[in-house]
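Written below as structure tokens is the structure these notes are about.
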Amino acid sequence: MDSSSISSTAASFVTLKFRCFDPTYAYSATPNHRRSFVTSSRSLTPCATNSNGSMATTENSERKIITGEAGYVLEDVPHFSDYISDLPTYPNPLQDNPSYSVVKQHFVDVDDSVAQNIVVHQDSPRGRHFRRVGPREKVYFESDDVHACIVTCGGLCPGLNTVIREIVCGLYYMYGVHKVLGIEGGYRGFYARNTIPLTPKIVNGIHKRGGTILGTSRGGHDTSKIVDSIQDRGINQVYVLGGDGTQKGASAIFEEIRRRGLKVAVAGIPKTIDNDIPIIDKSFGFDTAVEEAQRAISAAHVEAESFENGIGVVKLMGRYSGFIAMYATIASRDVDCCLIPESPFYLEGPGGLFEYIEKRLKENGHMVIVIAEGAGQELLSEIMHTMDQQDASGNKLLQDVGLWISQKIRDHFGKKRKMTINLKYIDPTYMIRAVPSNASDNVYCTLLAHSAIHGAMAGYTGFTVGPVNGRHAYIPFYRITERQNRVVITDRMWARLLSSTNQPSFLDPKKISSPSYVLFESRRQGGFVKYEMKSMQNALKQLVEKIQECGLCFRIIRNHYYAFPINIAAELTIRK
């Protein structure tokens with residue numbers, strides 16, 4: 001495959017179906033795109049599209065892109081003024097709040113933004129930014145008119161009660177809001193359950209308890225019924241706590257609210273114990289989960305070193321992302337092997353897991369294995385055929401890989417190697433989920449809650465809050481839900497883990513042989529365009545560079561379990 005063939009074929013593409021968002025190429029003007037946003041020295045103002053089509057927004061109305069000089073791109077969040085005209089504004093009550101009297105700058109500047117990438121080269125463009133969180137000088141609600149509600153969805157996570165408490169107390173003490181409802185039982189609680197009035201007195205001590213005082217559930221999302229309930233109850237601020245599926249539901253609620261022209265702010269606070277939400281630095285509850293995981297690892301280590309050929313196996317959370325397992329392993333220093341979903345492994349043969357276990361037992365007399373719940377699922381699925389089963393939230397149902405691998409280890413060393421081992425299996429999943437958040441997460445939850453409140457009061461809607469490179473920002477829903485955050489096994493952090501455990505990579509040479517071709521999806525050609533490949537490193541690298549040079553994003557269809565780890569703009573997988 002030569003570069004000229006790629007270039008000529010790429011030039012024939014008119015409209016691509018993008019898997020990942022790239023404002024540099026995805027937002028060129030077409031006759032159907034009439035709105036654009038330009039920057040001035042003090043403000044960001046909508047204007048008509050000019051003749052050359054610069055600064056045009058996408059036809060997807062939820063994407064609000066503003067461009068500026070030197071490659072500056074602001075992925076802005078929706079605002080009431082985008083779809084409701086002539087709304088009155090009011091002075092922010094924080095300027096008269098005694099608690100904020102010592103603050104030198106009460107309000108965030110309208111042009112403040114947070115850069116997504118902070119490591120740049122000398123000639124790099126300024127890149128993508130998100131709107132900075134914080135109180136604005138003018139608000140779009142009078143305190144007495146606010147009727148807020150809070151809902152928690154999905155699985156449990158340390159810190160849920162802390163966020164609930166801080167939203168209630170923040171609204172009450174910062175903005176003088178006294179009407180806050182708790183929606184019981186997740187999304188379906190909007191139309192099928194009672195509500196709980198929330199006051200600072202009611203929520204005062206809930207941060208010391210695990211779980212959520214509102215209850216939670218998976219599924220139950222009916223957009224029309226939920227918005228009907230919001231409208232009937234007179235709610236005008238909705239705070240949604242949940243993971244990527246919950247944030248997708250919040251996005252649908254926002255779109256329906258906007259379609260109806262309602263003055264209702266929808267603010268998401270991302271919750272996932274697995275830390276698999278993209279863009280943000282980390283999700284709340286993650287620090288607590290890593291800290292609690294240490295107890296299980298410590299117990300496994302004590303059990304393992306107390307017996308001859310002792311093996312401690314600990315299963316930790318991580319359906320698609322192995323962050324808890326990775327960070328708990330690095331923090332512990334007692335782990336000999338860490339297995340995560342992003343890093344494939346195999347059991348038997350040279351370089352396999354069994355060979356490493358035997359080697360470690362001969363050297364140390366014991367070992368500890370940490371495995372994320374989503375690791376090795378492809379090995380189980382070949383036997384149990386459960387790949388397509390899902391729970392109420394649409395998550396793939398997983399087999400208990402901890403029990404499976406424990407039995408495999410027993411069978412291998414007991415029956416095949418005739419070697420006596422003492423294996424103890426520990427699954428602390430629900431113990432970790434149910435604990436209250438630690439001090440670090442409590443502070444973090446407070447910042448998230450206050451950030452969401454400031455945004456809603458300022459008239460922003462359809463956003464999620466979170467830290468980006470240490471600075472909290474308002475992030476459009478679509479950026480949170482477009483992909484999942486995963487461990488990059490070519491990154492230094494994974495290298496640090498390998499250095500700590502001294503484990504091999506476990507990559508099966510049969511699974512990483514050169515792919516024969518890749519497929520590009522094109523709307524214009526009504527399907528996939530096939531490119532032949534001859535060499536893994538050279539051809540693939542050249543292919544990626546050429547596609548990026550042509551301004552094309554792409555996806556490659558997976559027909560195998562191994563994902564080639566290369567740092568490019570789109571998610572890349574290999575078809576053999």
Side-chain angles (χ1 to χ4, degrees), residues 290 293-294 296-305 307 309-318 320-380 401-413 416-417 419 421-427 486-512 561-565:
V290 172
Q294 301 300 299
I297 293 174
S298 178
H301 182 251
V302 169
E303 287 283 350
E305 69 176 355
F307 293 89
N309 291 332
I311 300 176
V313 177
V314 179
K315 187 186 78 171
L316 297 177
M317 286 160 292
Y320 304 110
S321 304
F323 286 102
I324 293 178
M326 179 175 72
Y327 277 82
T329 293
I330 293 173
S332 169
R333 310 294 180 184
D334 288 331
V335 179
D336 300 284
C337 180
C338 178
L339 304 173
I340 61 174
E342 296 88 341
S343 182
F345 67 93
Y346 62 104
L347 301 179
E348 302 186 68
L353 178 62
F354 291 156
E355 181 182 82
Y356 175 64
I357 292 174
E358 185 170 351
K359 174 176 176 289
R360 204 67 171 172
L361 290 177
K362 289 179 179 178
E363 292 174 349
N364 296 340
H366 66 275
M367 76 175 298
V368 175
I369 301 171
V370 168
I371 184 166
E373 61 180 326
Q377 289 295 318
E378 68 276 9
L379 301 178
L380 279 78
V401 69
L403 285 175
W404 173 80
I405 202 167
S406 296
Q407 191 57 49
K408 283 288 186 181
I409 292 171
R410 289 189 183 101
D411 291 344
H412 176 81
F413 288 98
K416 295 184 179 180
R417 303 295 292 174
M419 181 177 173
I421 63 169
N422 289 279
L423 188 146
K424 302 296 189 298
Y425 171 54
I426 299 175
D427 180 0
R486 299 190 178 182
V487 174
V488 180
I489 60 173
T490 55
D491 195 25
R492 289 190 183 92
M493 187 57 74
W494 185 247
R496 293 183 183 106
L497 180 142
L498 296 179
S499 176
S500 173
T501 62
N502 293 314
Q503 70 187 64
S505 67
F506 299 123
L507 292 178
D508 188 345
K510 296 178 181 178
K511 300 278 182 82
I512 58 175
Y561 297 122
Y562 178 72
F564 187 77

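When all heavy atoms of Pro341 and Gly374 are compared, the closest pair comes out as CG-C, 3.6 Å. Shortest non-hydrogen contact noted between Pro504 and Leu498 is O-CD2, 4.4 Å. The two residues Ala375 and Val401 come nearest to each other via the heavy atoms O-CG2, 3.1 Å. Residues Ser332 and Ile297 share a closest heavy-atom pair of OG-CG2, 3.2 Å. Considering every non-hydrogen atom in both Ala304 and Val368, the closest pair reads CB-CG2, 4.4 Å.
Here Asp491 pairs with nothing under the salt bridge (charged side-chain N to carboxylate O under 4.0 Å, His left out) rule; sequence neighbours left out. Under the salt bridge (charged side-chain N to carboxylate O under 4.0 Å, His left out) criterion, Glu305 pairs with no residue, sequence neighbours left out. Residues passing the salt bridge (charged side-chain N to carboxylate O under 4.0 Å, His left out) test with Arg417, sequence neighbours excluded: Glu358.
Going from atom CG of Asp334 over to atom OG of Ser500 covers 9.0 Å, rounded to the nearest 0.5 Å. Once rounded to the nearest 0.5 Å, the distance linking CD1 of Ile311 with CD1 of Ile405 reads 10.0 Å. A distance of 10.5 Å separates CZ of Arg410 from OH of Tyr425, quoted to the nearest 0.5 Å. Distance CD/Glu303 to CG/Leu423: 10.5 Å, rounded to 0.5 Å. Note that the NZ atom of Lys359 and the CG atom of Asn364 stand 9.0 Å from one another [nearest 0.5 Å]. Taking CH2 of Trp494 as the reference point, atom OG of Ser505 lies at 10.0 Å (rounded to 0.5 Å).
Note: Phe506 and Tyr356 have perpendicular aromatic rings, judged against thresholds of 30 and 60 degrees for the angle between ring planes.
Glu348 has no carboxylate O lying under 4.0 Å from a charged side-chain N of Lys408, or vice versa, which leaves the two without a salt bridge.
Between the side chain of Glu342 and the backbone N or O of Val488 there is no donor-acceptor pair closer than 3.5 Å. Between the Asp336 side chain and the Thr501 main chain, no donor and acceptor come within less than 3.5 Å of each other. In terms of modelled atom types and a separation under 3.5 Å, the side chain of Ser406 and the main chain of Gly402 share a donor-acceptor contact. Not one N or O on the side chain of Glu373 forms a donor-acceptor pair closer than 3.5 Å with the backbone of Met317. Of the possible donor and acceptor atoms, one in the side chain of Glu355 sits under 3.5 Å from a partner among the backbone N and O of Gly351. At least one donor-acceptor pair closer than 3.5 Å links the side chain of Thr329 to the backbone N or O of Ala325.
A heavy-atom distance below 4.5 Å is not found between the side chains of His366 and Phe307. You'll find the side chain of Ile357 reaches within 4.5 Å of the side chain of Met367, heavy atoms only. Side-chain atoms of Leu316 and Tyr327, non-hydrogen and from C-beta on, never get closer than 4.5 Å to each other. Residues Asn309 and Phe413 are not in side-chain contact: their nearest non-hydrogen atoms beyond the backbone lie 4.5 Å or more apart. Taking the side chain as every heavy atom from C-beta outward, Ile340 and Phe323 never approach each other to under 4.5 Å.
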Stepwise, does the side chain to side chain contact (heavy atoms under 4.5 Å, CB included) test hold for Lys424 with Asn422?
CA-CA 7 Å; Lys424 302 296 189 298; Asn422 289 279; 4.3 Å; yes

Side chain to side chain contact (heavy atoms under 4.5 Å, CB included) assessment of Gln503 paired with Leu353:
CA-CA 9 Å; Gln503 70 187 64; Leu353 178 62; over 6 Å; no

Worked verdict on Leu361 versus Ile421 for side chain to side chain contact (heavy atoms under 4.5 Å, CB included)
CA-CA 9 Å; Leu361 290 177; Ile421 63 169; 4.2 Å; yes

Please lay out, stage by stage, how Val370 and Cys337 fare under the test side chain to side chain contact (heavy atoms under 4.5 Å, CB included).
CA-CA 6 Å; Val370 168; Cys337 180; over 6 Å; no

